[in-house]
Amino acid sequence: MAKKKTIRTIPQERAPIREQVPAERIKNFAEVAHGFRIEDALHEAERCLLCPDPACIAGCPVGIDIPGFIVKISAKDFRGAYDVISDTNLLPAVCGRVCPQETQCEGVCPVGETLEPVAIGRLERFVGDQAIQEGWTSIPYIEPKGFKVGIVAPGPRAWPVLQTWRRRAAKSRSTRPSICPEACCATASPISGCPTK
């Protein structure tokens, strides 16, 4: 049986995130923060206490099994970590960058009462970036309920919603959604003159 982690036995310092040097970043539009390397992710995963009643899951709006994916990172099973995250969240690379973790999952982390909290968002971003680099996909299973979906959004804003719906429809083996660039099919009763019908 593994020894129980305590605040005194975990790494005390948060893994630093690499950034572009100012002389480079003033000349480009690339991300300033580069994200974790594998050794950084392993270091940060070791800081998780694996609480028996994890407050971080309750603090996460989508309820990601945070200790579950951190255990997978510690075991160097990055694909397994991605599978755990994608059970509830299809966009870990995005959420790892833009979610306000400091007030959500990291804000309630018990490690944060004494030290800096575990960098959950950075770990999620690391897993999401690995998934993009390796081409991993995970299609969640959704029970078909016989409903229709209309996506009303101009241009590129509809794309992530459409991609998510396609994955869900493919997984549940339900009918494929109709794609209407004119957004005329978004109403409950599609217009009879729709170009996609």
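These numbers come from the heavy atoms of this one structure, side chains and all, not from hydrogens, waters or symmetry mates. Sequential numbering from 1 along the given sequence is applied to the chain's residues.
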Original post:
In Å and rounded to the nearest 0.5 Å, what is the CD1 to NZ distance from I85 to K72?
Top reply: 12.0 Å

**OP:** Group every Ile, Leu, Val, Met, Phe, Trp and Tyr by side-chain heavy-atom contacts under 4.5 Å, then state whether F69 and L49 land in the same group.
**Re:** yes

Original post:
In Å, rounded to the nearest 0.5 Å, how long is the span from SG of C56 to CD1 of I64?
Top reply: 10.0 Å

Original post:
At their closest point, which heavy atom of A15 faces which heavy atom of D40, and how far apart are they?
Top reply: CB-O, 3.7 Å

Original post:
If only atom types and distance count, is the side chain of R37 paired as donor or acceptor with the main-chain N or O of R18 below 3.5 Å?
Top reply: no

**OP:** To the nearest 0.5 angstrom, please state how far the OG1 atom of T137 sits from the CG atom of D83.
**Re:** 9.5 Å

Original post:
Out of L123, V127, L42, which one pairs with F36 under the side chain to side chain contact (heavy atoms under 4.5 Å, CB included) rule?
Top reply: L123

**OP:** Can you see which heavy atom on T88 is nearest to which on V62, and at what distance?
**Re:** CB-O, 3.7 Å

**OP:** Decide yes or no for F126 and I38: does some side-chain heavy atom of the first lie under 4.5 Å from some side-chain heavy atom of the second?
**Re:** yes

**OP:** Measure the acute angle between the ring planes of W136 and Y82, then classify it against the limits of 30° and 60° as parallel, tilted or perpendicular.
**Re:** tilted

Original post:
Of all residues at least two apart in sequence or in a different chain, which pass the side-chain contact (heavy atoms from CB on, under 4.5 Å) check with A45?
Top reply: I70, I73, S74

Subject >> Heavy-atom donor-acceptor pair, R47 side chain to I10 backbone, under 3.5 Å >> reply: no

**OP:** Give every residue pair that meets the side chain to side chain donor-acceptor pair (under 3.5 Å) criterion with at least one member in residues 89-99, sequence neighbours excluded.
**Re:** E31-R97, N89-E124, R97-D129

Original post:
With a 4.0 Å cut-off, would you call E19 and R25 a salt bridge?
Top reply: yes

Subject >> Residue list, salt bridge (Lys or Arg N to Asp or Glu O under 4.0 Å) with E46, at least two apart or on another chain >> reply: K5

Subject >> Heavy-atom donor-acceptor pair, Q20 side chain to I26 backbone, under 3.5 Å >> reply: no

Original post:
Would I7 and I66 show up in the same hydrophobic cluster when neighbours are defined by side-chain heavy atoms closer than 4.5 Å?
Top reply: yes

Original post:
Can you name the residues that form a side-chain hydrogen bond (donor to acceptor under 3.5 Å, both in side chains) with E106, not counting sequence neighbours?
Top reply: R14

Subject >> Shortest non-hydrogen separation from Q104 to C99 and the atoms involved >> reply: OE1-CB, 4.4 Å

Original post:
Are I57 and I120 connected, step by step, through hydrophobic side chains (Ile, Leu, Val, Met, Phe, Trp, Tyr) whose heavy atoms are closer than 4.5 Å?
Top reply: no

Subject >> Nearest heavy-atom neighbours spanning I17 and A33 >> reply: CD1-CB, 4.1 Å

**OP:** For the residue pair P54 and D65, establish whether any side-chain heavy-atom pair is separated by less than 4.5 Å.
**Re:** no

**OP:** Please name all residues satisfying side-chain hydrogen bond (donor to acceptor under 3.5 Å, both in side chains) with D53, sequence neighbours left out, ordered by chain then number.
**Re:** none

Original post:
Which heavy atom of V84 sits nearest a heavy atom of G68, and at what distance?
Top reply: CG1-C, 4.1 Å

Original post:
Is it the case that more than 12 heavy atoms not belonging to E13 sit under 6.0 Å from its CD atom?
Top reply: no

Subject >> Residues that, via side-chain heavy atoms closer than 4.5 angstrom, fall in one hydrophobic cluster with V108 >> reply: none

